[in-house]
Amino acid sequence: MAKTINLEKYIEFPVLSKNIDTFAGINFHCNAQILDKIQLAKQRGDRLHFSKQLRTNLRCCALLGTSSYLQSGLSICTYYQQDDYAEPVMKSLISADGDVINQISGDCLSHELRPQLTTAHYWFLQQITRQLTWKRTLIIDLIAWSIAILLILGLIIAYPQGVLTNLIALGIVLIIMWGLQKILKFLLSFNAKAIDRWAIAKFLSFSISPQPWQQKMAKLFLQYIVV
């Protein structure tokens with residue numbers, strides 16, 4: 001069974017400004033010990049451990065990046081740490097349409113640990129991209145259940161005695177609610193792209209809103225809507 005490896009303290013999200021909570025990209029700092037751990041993790045099929053905060057920072061970086069608009073790409077840079085010096089060895093640029101451009105430093109090409117460094121970088125890149133999958137079905141589920149529950153609540157409010165005092169009627173109402181959300185999910189699936197655009201627009205609007213509750217909603221979006 002695959003396990004997880006915790007390297008969170010070696011992952012950095014450089015902040016462009018102290019006044020603006022946006023990130024310039026993702027920096028991964030490794031040393032000889034970390035390279036050995038990653039080699040072992042790769043052999044075992046282990047994955048990178050993501051805490052809620054790390055996952056939120058990653059998705060915020062991928063979606064917003066250095067501005068309050070949708071990112072055109074994501075930068076991931078691997079550094080090799082020796083003593084007090086961090087040497088940049090590899091960098092990957094992921095475009096919004098999924099294309100990847102890899103860059104490798106001249107020093108890395110002649111480095112004695114080049115195979116381990118490239119393996120570590122590509123393993124880290126793979127772990128990062130796995131966390132950026134868009135969970136469209138969850139959005140559709142939330143919308144469908146919300147509409148179904150609101151409609152049933154309206155029915156209960158309109159006829160409280162007829163529903164709440166009769167167990168058979170209450171059971172029928174619950175069955176109707178379940179069937180209704182199924183129908184709604186089927187219908188909403190035909191407008192999945194429009195729902196995606198609406199969800200992203202809401203996230204961007206809430207993430208830059210001065211209202212604390214909207215900022216919290218944006219963080220919840222990053223934690224749960226994107227897998």
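Within 6.0 Å of CG on Leu174 lie more than 12 heavy atoms contributed by other residues, nucleotides or ligands.
When hydrophobic clusters are built by joining Ile, Leu, Val, Met, Phe, Trp and Tyr residues whose side-chain heavy atoms come closer than 4.5 Å, directly or via intermediates, Ile149 is grouped together with Ile156.
Side-chain contact check for Ile11 versus Leu54: some heavy-atom pair is nearer than 4.5 Å. No side-chain heavy atom of Gln81 sits less than 4.5 Å from a side-chain heavy atom of Glu87. In this structure the side chain of Phe50 reaches within 4.5 angstrom of the side chain of Ile128, judged on heavy atoms.
A distance of 12.5 Å separates CG of Leu125 from OG1 of Thr118, quoted to the nearest 0.5 Å. Here the CG-CG distance, from Asp36 to Leu40, works out to 9.0 Å after rounding to the nearest 0.5 Å.
Checked by atom type and distance alone, the side chain of Gln127 pairs as donor or acceptor with a backbone atom of Leu48 at under 3.5 Å. Side-chain atoms of Gln126 do not come within 3.5 Å of backbone N or O of Trp123 as any donor-acceptor pair.
For His29 and Tyr79, the gap between ring centers is short of 6.0 Å.
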Practice task
Would you please test Phe186 and Ile183 for side chain to side chain contact (heavy atoms under 4.5 Å, CB included) and show each step?
Solution key: CA-CA 5 Å; Phe186 174 75; Ile183 295 172; 5.7 Å; no
Handout entry: Worked verdict on Ser92 versus Ile101 for side chain to side chain contact (heavy atoms under 4.5 Å, CB included)
Key = CA-CA 6 Å; Ser92 293; Ile101 300 175; over 6 Å; no
Problem - Worked verdict on Leu188 versus Ile143 for side chain to side chain contact (heavy atoms under 4.5 Å, CB included) - result: CA-CA 9 Å; Leu188 288 170; Ile143 295 174; 3.7 Å; yes
Practice task
I would like to know whether Phe13 and Asn27 meet side chain to side chain contact (heavy atoms under 4.5 Å, CB included); could you show each step before the answer?
Solution key: CA-CA 6 Å; Phe13 295 86; Asn27 293 340; over 6 Å; no
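The shortest heavy-atom contact between Ala120 and Leu35 is CB-CD2, 3.5 Å. In terms of heavy atoms, Pro88 sits closest to Ser105 at O-OG, 3.4 Å.
If you run side chain to side chain contact (heavy atoms under 4.5 Å, CB included) between Phe124 and each of Thr129, Ile26, Ile38, only Ile26 comes through.
Side chains of His49 and Glu8: no donor on one and acceptor on the other come within 3.5 Å.
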